[in-house]
Amino acid sequence: MSARNGIHGLLTKARTHATDMVGRMWSGQFMDSMLRPGSPFKKGYTDTPRNRSYVIMNNVLYHLHPVKVKRHGVKLSYTLCLGGLSFFLFILLTVTGIFLMFYYAPTAERAYIDVQALSTDIAFGSLMRNMHRWGAHLMVLTVFLHMSRVFYHGAYKPPREFNWVVGVILLLLTLLLSFTGYLLPWDQLALWAVTVGTNMAGFVPVIGAQVKFALLGGVEVTAGTLLRWYVLHVLFLPFIIVIFLAVHFWRVRKDGGISGPL
Amino acid sequence: MPEIPEELLRRSAEAKAKALGLPVEQILAEMRGEAPATAVPAESVDVPRPAFVPSPPPPSVPEIPPEPQPPDPASAPPPVTTVVESPPAAEEPAPVAEEPAPAAPEVPENGAGNGRLAATVSVRPSVPPAGVPEGVRHQRLLTVVKARAIQQVKADPTDKVNTWPHLMIAEFTALLAMTAFLLVLSTILQAPLLEAANFNATPNPSKAPWYFLGLQEMLSYFDPQIAGVTVPTVIGIVGFMMIPYIDRNPSTRPSDRKLAIMLFTIFLAGSATLTILGVLFRGPGFNFAYPWVDGVFFDDLKDWVDFGGH
């Protein structure tokens, strides 16, 4: 009886203690400093128009969204969220890509073995590689569908002409990112798909041979090509695409937000 | 009489001339007191109520109506004739009774407001025409200017909602749905990994990634200079970037842009057809093959379904 009481009392005490600590954490200086005014996660958040504005304005999200958006722009059937999903897939690909980089060396000796090991030896390696690959295909698809959606809405018309140009560059960069990643598993599929692809580049008039040489780092696909495409894939192209993404999002807001209904 | 700025006088005269259908110069001279007042055509002076007329007003019209009726030419003429001919009104060099008429067109475009403003302005100074002390002049209405700033600071109101929560909830849901979809897809479908790269063993057929397969398909119909270079760079990149500068049609309504929509749809259908041909209907030697007879020769799809065949 007394033991039971003792355990019960101990549990109650521990629970009070824990609740107290959590309460102090949420109302304490650390949380207060981390969450800016108006954050819905802040203690005592109330759903007021002022706080709704603060959620966006006092947040890193203010880089992407204004405080208020046109009512029709919220409708899912207008944008199908394709632009947002393309960006989200880019983030997913960055996260899974960084995971893959921990276990991959871009050399002719190790590349194939490393990818094989990812599928068999490493916890969540197979899942990460699958997500990276299917996500990449999906991103090509969503970017392309996003472009089609924008075309059918005539959303490239003034004042949004230049943002369409930026968008075409982004599509091109997406294709390049996907294509450079295609070589990295260093299997038969990768080697010969890239051979076919770069052979096409060789048909460029006048400078065809030079373009092909610059792409491959030689006259044919070699270990040098692998390293070159790896650097392009994980460093150069993401760097460039982030710059163009920033311009693209910024122009969406500067050109008056989402385009009007038909 | 205080000096009236020239441009105000002219503006007022122009408005009055327009209302009365008389030449501007004549009205201007009248206003400066250089010419006698013109007898105003009865039907144009329809605004003032005859409340100030010394002679007893018609029984139908109350004295200083609290809510003046909108101008009504049909009912107005009889009292107005009295105004012009009656001695107190005629004494005035620029008859007060005439003034509201030119001002009227400047007032916002509804009949009721028009009549009300003009009547109010005209009635008040005209009530004591006989009892005005020497040297005191009542005011005249020159023109009515809308109270409006030169620069409009406020934007036109549009139908907007708060981004949080209306847009963010939708985006977050889409994001979660995409994550779930990708997780499920990646759990069931294994990404392909063939044998290690071997420079001495060319697979047959060799295919590019699916998004380039449309181009590879075109390579089997056209000269590489056309299919491999001209189409992707000229049409694919430069052409697409120039779309907003070529399409000068400002309308976004589908019915106004049939050609643009038709061309883009042809492009979509064409690239889809070429890609599907390249993915499913090309076998060894990149020759035509039926997927249901020969199997699918596309290693990206290798582990999706067991196609049989090779």
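Labels below follow one simple rule: chain letters A, B, ... track the order of the sequence lines, proteins then strands, and each chain is numbered from 1.
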Picking from [options], which has the most non-hydrogen pairs under 4.5 angstrom with chain B?
options                                   : result
His137(A), Arg160(A), Met147(A), Lys75(A) : His137(A)
Val196(A), Leu191(A), Val69(A)            : Val69(A)
His72(A), Met131(A), Gln116(A), His132(A) : Met131(A)
Leu175(A), Val74(A), Leu189(A)            : Leu189(A)
Pro158(A), Gly135(A), Ser148(A)           : Ser148(A)

Side chain, backbone, both or neither: which part of [X] has a non-hydrogen atom closer than 4.5 Å to chain B?
X         : result
Trp186(A) : both
Lys70(A)  : both
Leu127(A) : both
Phe151(A) : both
Leu61(A)  : side chain
Ser259(A) : neither
Val55(A)  : side chain
Tyr156(A) : both
Leu89(A)  : side chain
Phe144(A) : side chain
Leu85(A)  : side chain

Contacting moiety of [X], where chain A heavy atoms sit under 4.5 Å:
X         : result
Tyr211(B) : side chain
Ile169(B) : neither
Phe199(B) : both
Thr173(B) : neither
Ala201(B) : both

Problem set entry | Nearest-0.5 Å distance that lies between atom CG in Leu184(A) and atom OH in Tyr112(A) |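 Interatomic distance, Leu184(A) CG to Tyr112(A) OH, rounded to 0.5 Å: 15.0 Å.
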For this session: Supply the atom-to-atom distance Ser220(B) OG to Leu215(B) CG, rounded to the nearest 0.5 angstrom.
Result: 11.0 Å
Problem set entry | Under 3.5 Å side-chain donor-acceptor pair for Ser39(A) and Tyr45(A) | no
Exercise. Looking only at heavy atoms, which two atoms of Arg133(A) and Ala191(B) are closest? And how far apart?
Worked result: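 For Arg133(A) and Ala191(B), the tightest heavy-atom pair comes out as CD-CB, 3.5 Å.
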For this session: Of all the heavy-atom pairs spanning Ser119(A) and Ser126(A), show the shortest one and how long it is.
Result: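 The answer is O-CB, 3.9 Å.
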Does the separation of the ring centres of [X] and [Y] fall below 6.0 angstrom?
X         : Y         : result
His153(A) : Tyr78(A)  : yes
Phe240(B) : Phe267(B) : yes
Tyr104(A) : Tyr230(A) : yes

For this session: Fit a plane to each ring of Phe90(A) and Phe87(A), take the angle between them on a 0 to 90° scale, and name the class: parallel (under 30°), tilted (30 to 60°) or perpendicular (over 60°).
Result: parallel
